[in-house]
Amino acid sequence: MKTLMGVVERITFENEENGFCVLKIKSMGFRELVTVVGNLAGVNVGAIVKLRGDWKMDGKYGKQFVVQDYREAIPATVAGIEKYLGSGLIKGIGPVNAKRIVRQFKEDTIRIIEEEPDSLIEVDGIGPKRVEMIKKAWQDQKEIKNVMLFLQSNGVSTAYAVKIFKAYGNESIKVVRENPYRLADEIWGIGFKTADRIAQKMGFDKDSYERCRAGIIYVLNELSNEGHCYATRQQLTEESMKVLEQEEENINPAIEKMLSEKTIIPDYEDAIYLPPFFHSEVGIARRVRELNTPLQTSDYSKLIERIQAECGIKYDEVQVEAIKTALSSKFMVLTGGPGTGKTTTTLAIIKAFTAMGRRVLLAAPTGRAAKRMTETTGMEARTIHRLLEYKPAEGYKKNAGQPLECDVLIVDETSMVDVILMYNLLKAVPDAATVILVGDADQLPSVGAGNVLRDIIESESVEVVKLNRIFRQAQGSAIITNAHRINRGEFPKIQGGRNSDFFFIEEELPERIPEHIKQLCTSRLPAYYRVDPIRDIQVLCPMQRGDAGAVNLNAVLQEALNPSKVSIRYGGTVFKTNDKIMQVKNNYDKGVFNGDIGTIKHIDLEEKKLLLSFDEKDVEYDITEMDEVVLAYAITVHKSQGSEFSIVVAPFTMQHYMMLQRNLLYTCVTRAKKIFVAIGTKKALGMAVRNNKTTKRNTMLARRLAEKGCHDGLVDNIVQ
């Protein structure tokens, strides 16, 4: 092996999952910066590194030094120390303070920070508070280095090492040595595969119960991420065999032990659940039955006539039926596609209940959906989490013991509500209250597990009114008429025209689509419609990957739309001030939820903190929390649920064939409020329209609701 020594000038790429990095280093004897590749997680700009490895010629990137192992030394020169400290290594010391400190202490800087940190008070601009921050950060950095070295030797990246250190502190090495599989359960972002890689490096037995247990839970969690509430016994066994690379005779005893420990729960036939999903399904079925009690029938015709006169609206027969059903039922679903009058009907229902002196609460699953509901009804609508007064340490303040104060609860965009959130909502509804669920069951189901709205409709256990007439004012919109065509399995009309709101741009080559989309978003659409390209235009993609996937389009659009020079790197992403971003994990501590879209208002390079704004609410993030956030110039259709955008631009190519489904195209089109632009091929659009075989989710809710007994004997036995 050859040896190379130099100073790290730049980190051009870092994969936070496996620690693979591409660095540029300055080395004696080389005029240009040398490209170095390999597992170099934890190396900072300015560090002196001694590398062992070999040279190779890459066909695309040229000559590179491939690292096998390395040692790091603290720089000795003034310039080297300044770069080292200014790289973000220590919270509280950014480029500005690094320059000031090195100007004061020169070559003695590192010794001062290490041995006499209180002397930093002598530096202009550094007060007592910052000195304490630097002292703590330096100590943490030393501890993290120890953890990092231990974890790196066991195949863990920098980003995960920092998360592990934040969770366990000085106990990190002890915890990981004792049971690395704890990481998969307790640290978001570290899944079973990462924990298993660590365990295997440390020599853990591949047949151990701890490993099998962690693998089985991983399989059930992965299935829940795909929307399933349970796995069949056969499905769980087969998937676990693949993940664990074990034979069935090793998997079955682990499943049996987990069943006896109630880590997992059996139900109907061979269904196996993780406890939260089981109790949520059973709980929803119970609460629907408890709430859905008969009411005395009354004639509401005069009340409806009065509301029509007040509003100057003539409701059609189905809308009148919906209003009467809402007033005479305890539990009801109002469904229908775009332009069928869901909002008008909901407003009439609210007016009727208000006229009867009933207290009405409005809720929706996301901030954007709640805001839209407020705008259309003139009443305050809250997110479900806010309505239930969720607090991270305490859970839901509103619950069975402290129910909501209302006579009527109306929930919009119910197709987005997953099984766990619906259970917590229904628990908090007073027994005497009426529940009305509003939503479009033909849209994509919730991001979380379950298919609650569709299951409730299919169970035929509650009153359901479906609005199906497209009103005259909506018939002039090609977005609405095409959405209904798509839903019927008919190809959309794509002729466009000057006054149309639905356009199709044909492009056979996927690699040319990013340039088309860049032109649409930066010049063509903003110029013609006088809109803000970041706020008013949203690119929606069937998939993350590919030339026309969200990841690539985000990179293209960030460069084109955001000229900001203030940036910070985390993992493989560069975040800039003014970037459009999306939260991809429910963070109850911050009150920010999966799918929330916001912007980066400020980046503090000294303290490695970012200020993000979601719906006018400012939230502070540490750099290590930025794995919860992605760029959102382009997002997937799945992540767009419950949102409306003035203009939607959507690529549809055969690269996306795995995701080309009717409900995905339908959801995509119905996100557009004013203009919809599809770009790609007619073949891809046609495939999406024809493919109505949506992936069936493993749920038992419809069956539990239809079977009045709801399997209560088994449930009670398990709960006890």
Side-chain angles (χ1 to χ4, degrees), residues 300 302-316 318-327 329 332-389 398 404-417 425 428-430 433-440 465 467 469 471-474 477 480 535-536 596-597 614-617 641-646 670-674:
Y300 296 105
K302 287 187 178 175
L303 175 60
I304 295 169
E305 284 172 12
R306 195 167 82 235
I307 293 167
Q308 286 184 133
E310 285 173 10
C311 299
I313 294 173
K314 176 73 176 167
Y315 303 119
D316 73 5
V318 183
Q319 287 178 305
V320 170
E321 180 201 340
I323 300 164
K324 286 181 176 178
T325 304
L327 297 173
S329 307
M332 171 201 167
V333 172
L334 176 64
T335 186
T340 57
K342 283 199 305 294
T343 301
T344 305
T345 309
T346 302
L347 196 53
I349 290 168
I350 293 168
K351 285 182 179 296
F353 276 121
T354 305
M356 293 164 67
R358 304 283 184 86
R359 296 167 300 169
V360 179
L361 284 180
L362 307 181
T366 66
R368 285 178 168 238
K371 190 175 179 183
R372 203 168 68 246
M373 198 180 189
T374 299
E375 289 165 355
T376 55
T377 63
M379 284 178 62
E380 185 195 14
R382 285 175 274 179
T383 64
I384 295 171
H385 286 96
R386 192 167 148 239
L387 187 75
L388 299 178
E389 296 177 27
K398 294 293 184 185
L404 296 164
E405 295 173 6
C406 68
D407 302 307
V408 182
L409 173 67
I410 301 177
V411 184
D412 198 13
E413 295 285 1
T414 311
S415 63
M416 292 181 66
V417 183
L425 178 61
V429 175
T434 294
V435 175
I436 298 169
L437 305 180
V438 183
D440 185 347
V465 178
L467 304 173
R469 175 189 161 200
F471 284 87
R472 192 172 66 243
Q473 61 268 34
S477 164
I480 289 173
R535 187 187 65 234
D536 299 318
D596 286 356
I597 291 177
F614 296 93
D615 281 325
E616 298 169 12
K617 173 188 172 185
Q641 289 167 264
S643 296
E644 270 189 348
F645 309 98
S646 291
T670 55
R671 297 311 88 206
K673 198 157 48 172
K674 293 181 180 174

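Keep in mind that the numbers below use all heavy atoms, side chains included, and drop hydrogens, waters and symmetry copies.
- Around atom CD of Glu405, no more than 12 heavy atoms belonging to other residues, nucleotides or ligands sit under 6.0 Å away.
- Of all the heavy atoms in Pro430 and Cys406, the pair that sits closest is CG-O, 3.7 Å.
- Of the inter-residue distances, the one linking Thr346 atom OG1 with Lys351 atom NZ reads 12.5 Å to the nearest 0.5 angstrom.
- Residues Thr344 and Cys311 fail the side-chain proximity criterion, which asks for heavy atoms closer than 4.5 Å.
- Here the side chains of Asp407 and Met356 are not in contact, with every heavy-atom distance at 4.5 Å or above.
- The only member of Leu362, Thr374, Leu387 that meets side chain to side chain contact (heavy atoms under 4.5 Å, CB included) when paired with Arg382 is Leu387.
- Looking at heavy atoms from C-beta onward, Ile384 lies in side-chain contact with Val417 at the 4.5 angstrom threshold.
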Any chance you could lay out the side-chain contact (heavy atoms from CB on, under 4.5 Å) test for Thr366 and Glu413, step after step, and finish with the verdict? CA-CA 9 Å; Thr366 66; Glu413 295 285 1; over 6 Å; no

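- Other residues, nucleotides and ligands contribute at most 12 non-hydrogen atoms within 6.0 Å of the NZ atom of Lys674.
- Shown here are the salt bridge (charged side-chain N to carboxylate O under 4.0 Å, His left out) partners of Glu644, two or more places apart in sequence or in another chain: Arg372.
- For Glu321, there are no salt bridge (charged side-chain N to carboxylate O under 4.0 Å, His left out) partners at least two apart in sequence or on another chain.
- Closest approach of Ala355 and Leu303 over heavy atoms only: CB-CD1, 3.9 Å.
- A donor-acceptor contact shorter than 3.5 Å links the side chain of Arg671 to the backbone of Ser643.
- Separating the CD atom in Glu380 from the CE atom in Met373 is a distance of 11.5 Å, to the nearest 0.5 Å.
- Take Thr383 and apply the side chain to side chain contact (heavy atoms under 4.5 Å, CB included) test, not counting sequence neighbours, and it matches Ala370, His385, Arg386.
- Taking CD1 of Ile480 as the reference point, atom OG1 of Thr340 lies at 9.0 Å (rounded to 0.5 Å).
- In this structure, Ile436 CD1 and Ile349 CD1 are separated by 5.0 Å, a value rounded to the nearest 0.5 Å.
- Taking each heavy atom of Asp596 and Phe614 in turn, the nearest pair found is O-CE2, 3.6 Å.
- Put simply, the residue from Val429, Ile410, Val333 that forms a side chain to side chain contact (heavy atoms under 4.5 Å, CB included) with Val435 is Val429.
- To the nearest 0.5 Å, the span separating OG1 on Thr345 from CD1 on Ile323 amounts to 6.0 Å.
- Taking Arg535 as the reference, Asp532 meet the side chain to side chain contact (heavy atoms under 4.5 Å, CB included) condition, with sequence neighbours excluded.
- Among residues at least two apart or in separate chains, there is no salt bridge (charged side-chain N to carboxylate O under 4.0 Å, His left out) pair with a member in residues 336-349.
- Between Ala352 and Leu327, the closest heavy-atom pair is CB-CD2, 3.8 Å.
- Rounding to the nearest 0.5 Å places CE of Met332 at 5.5 Å from OG1 of Thr325.
- Scanning for side chain to side chain contact (heavy atoms under 4.5 Å, CB included) contacts around Thr354 gives Ile350, Val360, with sequence neighbours left out.
- In this structure, Gly337 and Asp440 approach most closely via the heavy-atom pair CA-OD2, 3.6 Å.
- The nearest pair of heavy atoms linking Ala326 to Phe353 is O-CZ, 3.3 Å.
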